[in-house]
Amino acid sequence: MTGVPASAAGGASGARRAAAGAAAVTPAAPALRSGEGGAPKASAGVGDGGTAGAVPGAGEAVPGEDSGLDVQGEGKTPRGGKIAAAAVDQASVWNIANLLTMLRLVLVPAFVALMLADGGYDPAWRSLAWAAFAIAMITDLFDGHLARTYNLVTDFGKIADPIADKAIMGAALVCLSALGDLPWWVTGVILGRELGVTLLRFWVIRYGVIPASRGGKLKTLTQGVAVGMYVLALTGWLATLRWWVMAAAVVLTVVTGLDYVKQAIVLRRKGIAERKAALEEKEA
(Lines give C-alpha, C1' and ligand atoms only; values in the text may rest on other atoms or scores of the structure.)
Protein backbone atom coordinates (compact mmCIF):
# COMPACT_ATOMS: atom_id res chain seq x y z
CA MET A 1 0.00 0.00 0.00
CA THR A 2 1.45 3.29 -1.08
CA GLY A 3 1.86 6.13 1.39
CA VAL A 4 1.95 3.81 4.45
CA PRO A 5 5.19 3.86 6.46
CA ALA A 6 7.16 0.65 6.64
CA SER A 7 6.96 0.67 10.42
CA ALA A 8 3.18 0.81 10.31
CA ALA A 9 2.99 -1.96 7.74
CA GLY A 10 4.80 -4.32 10.08
CA GLY A 11 3.02 -3.08 13.20
CA ALA A 12 1.05 -6.24 13.95
CA SER A 13 3.99 -8.60 13.71
CA GLY A 14 6.23 -6.17 15.65
CA ALA A 15 3.67 -5.93 18.42
CA ARG A 16 3.50 -9.71 18.68
CA ARG A 17 7.29 -9.96 18.91
CA ALA A 18 7.42 -7.25 21.62
CA ALA A 19 4.71 -9.00 23.65
CA ALA A 20 6.56 -12.31 23.47
CA GLY A 21 9.77 -10.67 24.67
CA ALA A 22 7.98 -9.02 27.57
CA ALA A 23 6.42 -12.32 28.61
CA ALA A 24 9.85 -13.98 28.64
CA VAL A 25 11.32 -11.27 30.88
CA THR A 26 8.42 -10.85 33.30
CA PRO A 27 8.98 -14.01 35.54
CA ALA A 28 12.57 -12.96 36.43
CA ALA A 29 11.68 -9.36 37.25
CA PRO A 30 10.84 -9.62 41.00
CA ALA A 31 13.95 -9.66 43.18
CA LEU A 32 11.99 -11.22 46.03
CA ARG A 33 9.36 -13.90 46.08
CA SER A 34 7.01 -14.80 48.79
CA GLY A 35 7.90 -17.85 50.82
CA GLU A 36 5.84 -20.00 53.13
CA GLY A 37 3.97 -18.03 55.72
CA GLY A 38 4.25 -14.80 53.71
CA ALA A 39 7.86 -14.11 54.69
CA PRO A 40 9.98 -12.64 51.93
CA LYS A 41 12.66 -15.00 50.66
CA ALA A 42 15.63 -14.12 48.43
CA SER A 43 15.38 -15.58 44.94
CA ALA A 44 18.14 -17.14 42.91
CA GLY A 45 20.25 -14.80 40.87
CA VAL A 46 20.37 -12.03 43.50
CA GLY A 47 23.88 -12.85 44.74
CA ASP A 48 26.91 -10.77 43.83
CA GLY A 49 28.32 -11.40 40.41
CA GLY A 50 25.23 -13.36 39.38
CA THR A 51 25.95 -16.15 41.86
CA ALA A 52 22.94 -17.74 43.45
CA GLY A 53 22.36 -16.39 46.99
CA ALA A 54 22.41 -18.83 49.89
CA VAL A 55 18.98 -19.35 51.33
CA PRO A 56 18.72 -20.84 54.83
CA GLY A 57 16.87 -24.09 54.50
CA ALA A 58 15.39 -26.53 56.89
CA GLY A 59 18.72 -28.33 57.41
CA GLU A 60 20.86 -25.22 57.95
CA ALA A 61 21.55 -23.59 61.31
CA VAL A 62 20.29 -20.03 61.45
CA PRO A 63 22.28 -17.67 63.68
CA GLY A 64 20.39 -17.10 66.88
CA GLU A 65 18.38 -20.33 66.68
CA ASP A 66 19.33 -22.99 69.27
CA SER A 67 22.90 -21.71 69.29
CA GLY A 68 22.95 -19.90 72.61
CA LEU A 69 24.27 -16.74 70.92
CA ASP A 70 22.68 -13.37 70.45
CA VAL A 71 22.73 -12.41 66.77
CA GLN A 72 23.59 -8.79 67.56
CA GLY A 73 26.14 -9.72 70.23
CA GLU A 74 27.57 -12.87 68.70
CA GLY A 75 30.37 -14.33 70.83
CA LYS A 76 29.08 -13.00 74.16
CA THR A 77 29.40 -15.44 77.05
CA PRO A 78 26.03 -16.24 78.62
CA ARG A 79 25.63 -15.18 82.21
CA GLY A 80 25.46 -18.77 83.36
CA GLY A 81 28.76 -19.46 81.60
CA LYS A 82 30.47 -16.68 83.56
CA ILE A 83 29.20 -18.10 86.84
CA ALA A 84 30.39 -21.59 85.86
CA ALA A 85 33.82 -20.23 84.89
CA ALA A 86 34.11 -18.45 88.23
CA ALA A 87 33.23 -21.70 90.02
CA VAL A 88 35.94 -23.55 88.10
CA ASP A 89 38.51 -20.89 88.99
CA GLN A 90 37.53 -21.10 92.64
CA ALA A 91 37.77 -24.89 92.61
CA SER A 92 41.19 -24.76 90.95
CA VAL A 93 42.66 -23.42 94.20
CA TRP A 94 42.48 -26.98 95.51
CA ASN A 95 44.92 -28.42 92.99
CA ILE A 96 47.90 -30.65 93.73
CA ALA A 97 50.43 -27.81 93.53
CA ASN A 98 48.58 -25.69 96.10
CA LEU A 99 48.02 -28.71 98.33
CA LEU A 100 51.78 -29.28 98.44
CA THR A 101 52.27 -25.63 99.36
CA MET A 102 49.69 -25.97 102.14
CA LEU A 103 51.48 -29.08 103.38
CA ARG A 104 54.72 -27.09 103.57
CA LEU A 105 53.01 -24.40 105.63
CA VAL A 106 51.64 -27.01 108.03
CA LEU A 107 55.08 -28.56 108.39
CA VAL A 108 56.57 -25.31 109.74
CA PRO A 109 55.07 -25.52 113.26
CA ALA A 110 55.56 -29.29 113.23
CA PHE A 111 59.25 -28.80 112.44
CA VAL A 112 59.68 -26.24 115.23
CA ALA A 113 58.01 -28.56 117.75
CA LEU A 114 60.22 -31.49 116.77
CA MET A 115 63.34 -29.36 116.70
CA LEU A 116 62.85 -28.00 120.22
CA ALA A 117 61.52 -31.22 121.76
CA ASP A 118 63.37 -32.46 124.84
CA GLY A 119 65.58 -29.39 124.96
CA GLY A 120 66.50 -29.51 121.29
CA TYR A 121 69.49 -31.82 121.59
CA ASP A 122 67.93 -35.27 121.37
CA PRO A 123 69.27 -36.99 118.21
CA ALA A 124 66.00 -38.88 117.70
CA TRP A 125 63.86 -35.73 117.75
CA ARG A 126 66.39 -33.94 115.59
CA SER A 127 66.16 -36.75 113.05
CA LEU A 128 62.37 -36.37 112.92
CA ALA A 129 62.79 -32.62 112.54
CA TRP A 130 65.18 -33.24 109.66
CA ALA A 131 62.57 -35.49 108.01
CA ALA A 132 59.95 -32.72 108.24
CA PHE A 133 62.46 -30.19 106.84
CA ALA A 134 63.43 -32.54 104.00
CA ILE A 135 59.79 -33.13 103.03
CA ALA A 136 59.17 -29.38 102.98
CA MET A 137 62.19 -28.74 100.75
CA ILE A 138 61.27 -31.58 98.37
CA THR A 139 57.69 -30.35 97.99
CA ASP A 140 59.16 -26.93 97.16
CA LEU A 141 60.84 -28.51 94.14
CA PHE A 142 57.64 -30.12 92.87
CA ASP A 143 54.81 -27.66 93.48
CA GLY A 144 56.17 -24.95 91.20
CA HIS A 145 57.01 -27.47 88.48
CA LEU A 146 53.54 -29.01 88.61
CA ALA A 147 51.87 -25.60 88.54
CA ARG A 148 53.77 -24.50 85.45
CA THR A 149 53.58 -27.82 83.60
CA TYR A 150 49.85 -28.45 84.07
CA ASN A 151 48.69 -24.82 84.11
CA LEU A 152 47.77 -24.88 87.80
CA VAL A 153 49.09 -21.41 88.57
CA THR A 154 46.72 -19.50 90.89
CA ASP A 155 46.85 -16.24 92.82
CA PHE A 156 46.92 -18.23 96.05
CA GLY A 157 49.96 -20.18 94.88
CA LYS A 158 51.81 -17.03 93.83
CA ILE A 159 51.43 -15.62 97.35
CA ALA A 160 51.60 -18.76 99.49
CA ASP A 161 54.56 -20.47 97.78
CA PRO A 162 57.24 -17.85 98.61
CA ILE A 163 55.80 -17.45 102.11
CA ALA A 164 56.07 -21.20 102.72
CA ASP A 165 59.66 -21.24 101.40
CA LYS A 166 60.82 -18.43 103.66
CA ALA A 167 58.83 -19.73 106.65
CA ILE A 168 60.46 -23.17 106.75
CA MET A 169 63.95 -21.81 106.11
CA GLY A 170 63.54 -18.97 108.61
CA ALA A 171 62.18 -21.31 111.28
CA ALA A 172 65.14 -23.68 110.84
CA LEU A 173 67.74 -20.90 110.99
CA VAL A 174 66.21 -19.26 114.06
CA CYS A 175 65.93 -22.60 115.88
CA LEU A 176 69.56 -23.47 115.09
CA SER A 177 70.81 -20.10 116.29
CA ALA A 178 68.63 -20.24 119.42
CA LEU A 179 70.13 -23.63 120.26
CA GLY A 180 73.65 -22.31 119.69
CA ASP A 181 74.39 -24.54 116.71
CA LEU A 182 74.65 -21.69 114.20
CA PRO A 183 75.97 -18.14 114.68
CA TRP A 184 73.27 -15.47 114.70
CA TRP A 185 75.10 -13.43 112.08
CA VAL A 186 74.66 -16.26 109.57
CA THR A 187 70.92 -16.30 110.24
CA GLY A 188 70.87 -12.51 109.94
CA VAL A 189 72.66 -12.52 106.57
CA ILE A 190 70.44 -15.19 105.03
CA LEU A 191 67.13 -13.81 106.32
CA GLY A 192 68.18 -10.23 105.59
CA ARG A 193 68.95 -11.16 102.01
CA GLU A 194 65.58 -12.90 101.57
CA LEU A 195 63.70 -9.93 103.00
CA GLY A 196 65.71 -7.50 100.87
CA VAL A 197 65.04 -9.40 97.65
CA THR A 198 61.32 -9.53 98.44
CA LEU A 199 61.25 -5.76 98.97
CA LEU A 200 63.18 -5.25 95.73
CA ARG A 201 60.60 -7.26 93.81
CA PHE A 202 57.82 -5.04 95.14
CA TRP A 203 59.90 -1.93 94.39
CA VAL A 204 60.20 -2.72 90.69
CA ILE A 205 56.99 -4.70 90.15
CA ARG A 206 55.43 -1.82 88.20
CA TYR A 207 58.30 -1.98 85.70
CA GLY A 208 58.63 -5.76 85.37
CA VAL A 209 59.58 -8.97 87.14
CA ILE A 210 63.08 -10.00 88.21
CA PRO A 211 63.46 -13.59 86.94
CA ALA A 212 64.97 -16.27 89.13
CA SER A 213 68.58 -16.86 88.13
CA ARG A 214 70.62 -20.05 88.15
CA GLY A 215 72.68 -18.59 90.96
CA GLY A 216 69.54 -18.09 93.01
CA LYS A 217 68.47 -21.68 92.46
CA LEU A 218 71.94 -22.93 93.40
CA LYS A 219 71.81 -20.75 96.50
CA THR A 220 68.48 -22.27 97.53
CA LEU A 221 69.79 -25.80 97.03
CA THR A 222 73.00 -25.10 98.97
CA GLN A 223 71.10 -23.48 101.81
CA GLY A 224 68.76 -26.45 102.05
CA VAL A 225 71.61 -28.95 102.18
CA ALA A 226 73.57 -26.90 104.71
CA VAL A 227 70.62 -26.28 107.04
CA GLY A 228 69.58 -29.93 106.76
CA MET A 229 73.06 -31.02 107.84
CA TYR A 230 72.95 -28.64 110.81
CA VAL A 231 69.55 -29.95 111.87
CA LEU A 232 71.00 -33.45 112.14
CA ALA A 233 73.19 -34.17 115.16
CA LEU A 234 76.36 -34.78 113.14
CA THR A 235 79.83 -35.28 114.58
CA GLY A 236 83.36 -35.79 113.29
CA TRP A 237 84.20 -35.00 109.68
CA LEU A 238 80.51 -34.60 108.77
CA ALA A 239 80.29 -31.73 111.26
CA THR A 240 83.30 -30.15 109.56
CA LEU A 241 81.81 -30.70 106.12
CA ARG A 242 78.56 -29.00 107.05
CA TRP A 243 80.52 -25.91 108.11
CA TRP A 244 82.03 -25.62 104.63
CA VAL A 245 78.66 -26.21 102.96
CA MET A 246 77.13 -23.44 105.08
CA ALA A 247 80.04 -21.15 104.20
CA ALA A 248 79.34 -21.75 100.49
CA ALA A 249 75.66 -21.05 101.11
CA VAL A 250 76.46 -17.72 102.78
CA VAL A 251 78.74 -16.67 99.91
CA LEU A 252 76.08 -17.54 97.33
CA THR A 253 73.50 -15.70 99.43
CA VAL A 254 75.52 -12.48 99.37
CA VAL A 255 76.58 -12.71 95.70
CA THR A 256 73.09 -13.47 94.38
CA GLY A 257 71.65 -10.76 96.63
CA LEU A 258 73.95 -8.15 95.09
CA ASP A 259 73.02 -9.45 91.64
CA TYR A 260 69.33 -8.93 92.43
CA VAL A 261 70.07 -5.36 93.50
CA LYS A 262 71.82 -4.72 90.18
CA GLN A 263 68.95 -6.26 88.19
CA ALA A 264 66.39 -4.22 90.11
CA ILE A 265 68.20 -0.94 89.43
CA VAL A 266 68.60 -1.72 85.72
CA LEU A 267 64.97 -2.81 85.40
CA ARG A 268 63.70 0.31 87.14
CA ARG A 269 65.82 2.66 85.01
CA LYS A 270 64.69 0.91 81.86
CA GLY A 271 61.06 1.10 82.91
CA ILE A 272 61.29 4.81 83.73
CA ALA A 273 62.98 5.51 80.39
CA GLU A 274 60.29 3.60 78.48
CA ARG A 275 57.50 5.43 80.28
CA LYS A 276 59.15 8.78 79.60
CA ALA A 277 59.54 7.96 75.90
CA ALA A 278 55.92 6.84 75.72
CA LEU A 279 54.71 10.10 77.28
CA GLU A 280 56.84 12.18 74.92
CA GLU A 281 55.51 10.25 71.94
CA LYS A 282 51.94 10.69 73.16
CA GLU A 283 52.38 14.46 73.63
CA ALA A 284 53.96 14.75 70.16
Side-chain angles (χ1 to χ4, degrees), residues 97 99-147 160-198 200 212-261:
L99 290 175
L100 290 176
T101 300
M102 295 176 194
L103 173 62
R104 201 155 67 253
L105 288 169
V106 172
L107 284 173
V108 174
F111 166 80
V112 173
L114 293 171
M115 189 71 180
L116 301 178
D118 199 13
Y121 296 103
D122 189 322
W125 288 111
R126 293 283 285 259
S127 297
L128 293 175
W130 176 87
F133 180 81
I135 293 172
M137 297 303 293
I138 291 172
T139 57
D140 182 33
L141 298 176
F142 285 103
D143 60 355
H145 175 73
L146 289 173
D161 183 67
I163 292 176
D165 298 343
K166 292 172 177 56
I168 189 65
M169 182 60 68
L173 290 169
V174 171
C175 286
L176 289 172
S177 294
L179 293 172
D181 293 338
L182 189 68
W184 276 106
W185 69 266
V186 174
T187 298
V189 167
I190 295 177
L191 295 184
R193 185 265 188 195
E194 299 301 327
L195 178 61
V197 168
T198 301
L200 280 175
S213 62
R214 292 184 178 180
K217 295 178 181 179
L218 180 60
K219 178 269 308 178
T220 301
L221 177 61
T222 309
Q223 281 183 1
V225 173
V227 171
M229 294 180 72
Y230 268 86
V231 169
L232 290 172
L234 300 178
T235 57
W237 67 273
L238 289 176
T240 303
L241 177 63
R242 72 182 181 182
W243 186 92
W244 286 105
V245 177
M246 181 60 75
V250 172
V251 171
L252 288 172
T253 298
V254 174
V255 171
T256 55
L258 294 175
D259 181 62
Y260 270 105
V261 172

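Computed over heavy atoms, backbone and side chain alike; hydrogens, waters and symmetry mates excluded.
Here the CG atom belonging to L195 is positioned 9.5 Å from the CG atom belonging to L200, to the nearest 0.5 angstrom. The CD1 atom of I168 lies 14.0 Å from the CD1 atom of I163; values are rounded to the nearest 0.5 Å. Distance check, rounded to the nearest 0.5 Å: CD1 of I190 to CG of L182 gives 7.0 Å. Interatomic distance, K219 NZ to E194 CD, rounded to the nearest 0.5 Å: 3.5 Å.
The closest donor-acceptor contact from the side chain of R193 to the backbone of V254 lies at 3.5 Å or more, if one exists at all.
The shortest heavy-atom contact between T256 and T253 is OG1-O, 3.3 Å. The shortest non-hydrogen separation linking G119 to L179 is O-CD2, 3.7 Å. When all heavy atoms of V227 and A172 are compared, the closest pair comes out as CG1-CB, 3.5 Å.
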Report all side-chain donor-acceptor pairs from residues 102-117 shorter than 3.5 Å, counting only partners two or more places apart or in another chain.
residue, atom, partner, partner atom, Å
R104, NE, D165, OD1, 3.2
R104, NH1, D143, OD2, 2.9
R104, NH2, D143, OD2, 3.1
R104, NH2, D161, OD1, 2.6
R104, NH2, D165, OD1, 2.8

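For T198, the side chain to side chain contact (heavy atoms under 4.5 Å, CB included) criterion is met by K166, F202, not counting sequence neighbours. Take D181 and apply the side-chain hydrogen bond (donor to acceptor under 3.5 Å, both in side chains) test, not counting sequence neighbours, and it matches R126. By the side-chain hydrogen bond (donor to acceptor under 3.5 Å, both in side chains) test, T187 is found to be paired with S177, residues two or more places apart in sequence or in another chain being considered. Partners of L218 under the side chain to side chain contact (heavy atoms under 4.5 Å, CB included) rule, at least two apart in sequence or in another chain, are T222, L252. By the salt bridge (charged side-chain N to carboxylate O under 4.0 Å, His left out) test, D259 pairs with no residue at all, sequence neighbours left out.
Using a 4.5 Å cut-off on side-chain heavy atoms (C-beta onward), M137 and M169 make contact. For the pair W243 and Y230, the minimum side-chain heavy-atom distance is below 4.5 Å. W184 places a side-chain heavy atom less than 4.5 Å from the side chain of V174.
Dense packing is recorded around OH of Y121, with more than 12 heavy atoms of other residues, nucleotides or ligands lying under 6.0 Å away.
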